Amino acid sequence: MDPIYSDPHLGQRPFFLHYGDLSDASALNQLIGKIQPTEVYNLAAQSHVRVSFDIPEYTTDITAVGALRLLEAIRQTGVHARFYQASSSEMFGKAREVPQTESTPFYPRSPYACAKVFAYWITVNYREAYGLHASNGILFNHESPRRGETFVTRKITRAVARIQSGLQEKLFLGQLEARRDWGYAKEYVEAMWHMLQQDEPGDYVIATNESHSVREFLELAFSRAGLDWRKHLETDSRYNRPTEVDQLIGDYSKARRQLGWEPKTRFPDLVKLMVDADIQLLKDQREGKLRYSD
Ligand code: G4F
């Protein structure tokens with residue numbers, strides 16, 4: 001029997017969690033055949049860019065071949081499922097034009113990004129070869145209080161909360177001058193859903209069309225808590241990547257035109273909401289309150 005879960009974010013509707021693994025093609029085929037989904041969102045990956053340099057083969061197996069295994073499961077079982085592939089702005093890497101659009105050539109700079117390029121093209125290929133309703137969302141960085149703690153935004157906001165309450169003194173980071181187009185994950189998930197509601201599948205850049213450095217994020221986050229980042233920051237070259245992506249900025253005009261989607265939460269508000277959430281989370285933890293998002 002598969003476990004049934006509920007989550008306050010999803011209202012009263014329970015959801016079913018089925019076990020599976022993107023490295024296990026036969027289990028995926030069985031699951032897809034059993035569930036008969038109408039929509040499949042492939043958000044699974046080894047998604048940490050720095051880590052992908054340490055485990056390139058695993059990253060390729062899950063992030064690239066995993067997408068193929070899911071597409072094959074849909075094709076082989078013949079279910080009428082629409083498919084969403086979580087493609088990434090990292091595919092633009094050493095960007096060939098500014099801002100990046102759906103037609104900007106890819107120049108991946110990490111094993112992760114190379115794997116995502118494969119997953120992007122295999123999604124296009126299954127659309128063209130087999131007529132699948134398969135779409136790529138080329139999402140630029142999307143953040144929220146639920147972001148994993150090893151990604152730079154959450155690493156900073158979590159450190160701000162801990163430094164403010166005296167639990168931590170220093171924050172160790174790598175490259176501060178890298179620039180990213182940072183949006184609010186909650187809004188980006190809506191864009192994914194819109195893609196699968198279209199009559200025709202397609203590929204869409206989802207971004208804010210603004211670029212900010214890690215340093216800017218750092219400054220805003222620390223000042224939100226009344227702290228001076230210079231007193232707490234140490235740089236550590238272990239967090240540098242052998243090949244860095246210096247600057248990303250996305251043009252979401254196609255998504256606005258065809259999906260009616262545009263970002264609402266801008267950079268300063270995103271930083272604030274993440275800092276505030278981590279300060280609140282730490283307070284709740286210290287008061288012994290249980291939280292479902294821990
Ligand atoms: O937060 P990051 O690790 O995100 P990155 O590499 O841009 O990738 C994220 O966004 C992509 C686009 O949506 C996704 F495809 C991908 O899966 C992931 O979610 O790093 C952002 C920047 C980089 O330039 C990095 O070098 O921050 C720099 N940075 C500086 N110090 C650091 C650190 N990154 C991390 N993770 N940790 C540091 O200490």
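Predicted model, so just to flag it, every value in this text is computed and none were measured. When a ligand or atom number is given, it counts from 1 through the structure's own listing order. Just so you know, these numbers use all the heavy atoms, side chains as well, and skip hydrogens, waters and symmetry mates. When a residue number appears, it is its place in the shown sequence, counting from 1.
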Engineer: Under 3.5 Å, sequence neighbours excluded: what are the donor-acceptor pairs made by side chains of residues 69-79?
Structural biologist:
| residue | atom | partner | partner atom | Å |
| --- | --- | --- | --- | --- |
| R69 | NH1 | L22 | O | 2.8 |
| R69 | NH1 | D61 | O | 3.4 |
| R69 | NH1 | D61 | OD1 | 3.2 |
| R69 | NH2 | D61 | OD1 | 2.7 |
| E72 | OE1 | R75 | NH2 | 3.2 |
| E72 | OE1 | Q76 | NE2 | 2.7 |
| E72 | OE2 | R75 | NE | 2.6 |
| E72 | OE2 | R75 | NH2 | 3.3 |
| E72 | OE2 | Y126 | OH | 2.7 |
| Q76 | OE1 | N29 | ND2 | 2.8 |
| T77 | OG1 | A73 | O | 2.6 |
| T77 | OG1 | I74 | O | 3.4 |

Engineer: Considering only NZ, NE, NH1 and NH2 on the basic side and carboxylate oxygens on the acidic side, decide whether R215 and E177 come within less than 4.0 Å.
Structural biologist: yes
Engineer: Do S110 and E90 have side-chain atoms, one donor and one acceptor, less than 3.5 Å apart?
Structural biologist: no
Engineer: Please list all pairs meeting ring-ring contact (aromatic ring centres under 6.0 Å, His included) that have one or both residues in residues 22-65, counting only residues at least two apart or in different chains.
Structural biologist: Y41-Y84, H48-F151
Engineer: For Y112, what residues pass the ring-ring contact (aromatic ring centres under 6.0 Å, His included) criterion, not counting sequence neighbours?
Structural biologist: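 Partners of Y112 under the ring-ring contact (aromatic ring centres under 6.0 Å, His included) test: none.
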Engineer: Kindly assign one of parallel, tilted or perpendicular to the pair F92 and F106, based on the angle between their ring planes and the thresholds 30° and 60°.
Structural biologist: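 The rings of F92 and F106 sit tilted, inter-plane angle from 30° to 60°.
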Engineer: Between the protein and ligand 1, are there any N or O atom pairs that come within less than 3.5 Å of each other, and if so, what are their names and distances?
Structural biologist:
| residue | atom | partner | partner atom | Å |
| --- | --- | --- | --- | --- |
| ligand 1 | 1 (O) | V152 | N | 2.9 |
| ligand 1 | 3 (O) | R241 | NH2 | 2.9 |
| ligand 1 | 6 (O) | R241 | NH1 | 2.6 |
| ligand 1 | 7 (O) | N141 | ND2 | 2.8 |
| ligand 1 | 7 (O) | R180 | NE | 2.8 |
| ligand 1 | 10 (O) | N141 | ND2 | 3.2 |
| ligand 1 | 13 (O) | L139 | O | 3.2 |
| ligand 1 | 17 (O) | S47 | O | 2.6 |
| ligand 1 | 17 (O) | Y112 | OH | 2.8 |
| ligand 1 | 19 (O) | R147 | NH1 | 3.1 |
| ligand 1 | 19 (O) | R147 | NH2 | 2.9 |
| ligand 1 | 24 (O) | R180 | NH2 | 3.1 |
| ligand 1 | 24 (O) | E244 | OE1 | 3.0 |
| ligand 1 | 24 (O) | E244 | OE2 | 3.2 |
| ligand 1 | 26 (O) | R241 | NE | 3.4 |
| ligand 1 | 26 (O) | E244 | OE2 | 2.5 |
| ligand 1 | 31 (N) | G174 | N | 2.8 |
| ligand 1 | 36 (N) | T150 | O | 2.9 |
| ligand 1 | 39 (O) | K155 | NZ | 2.7 |

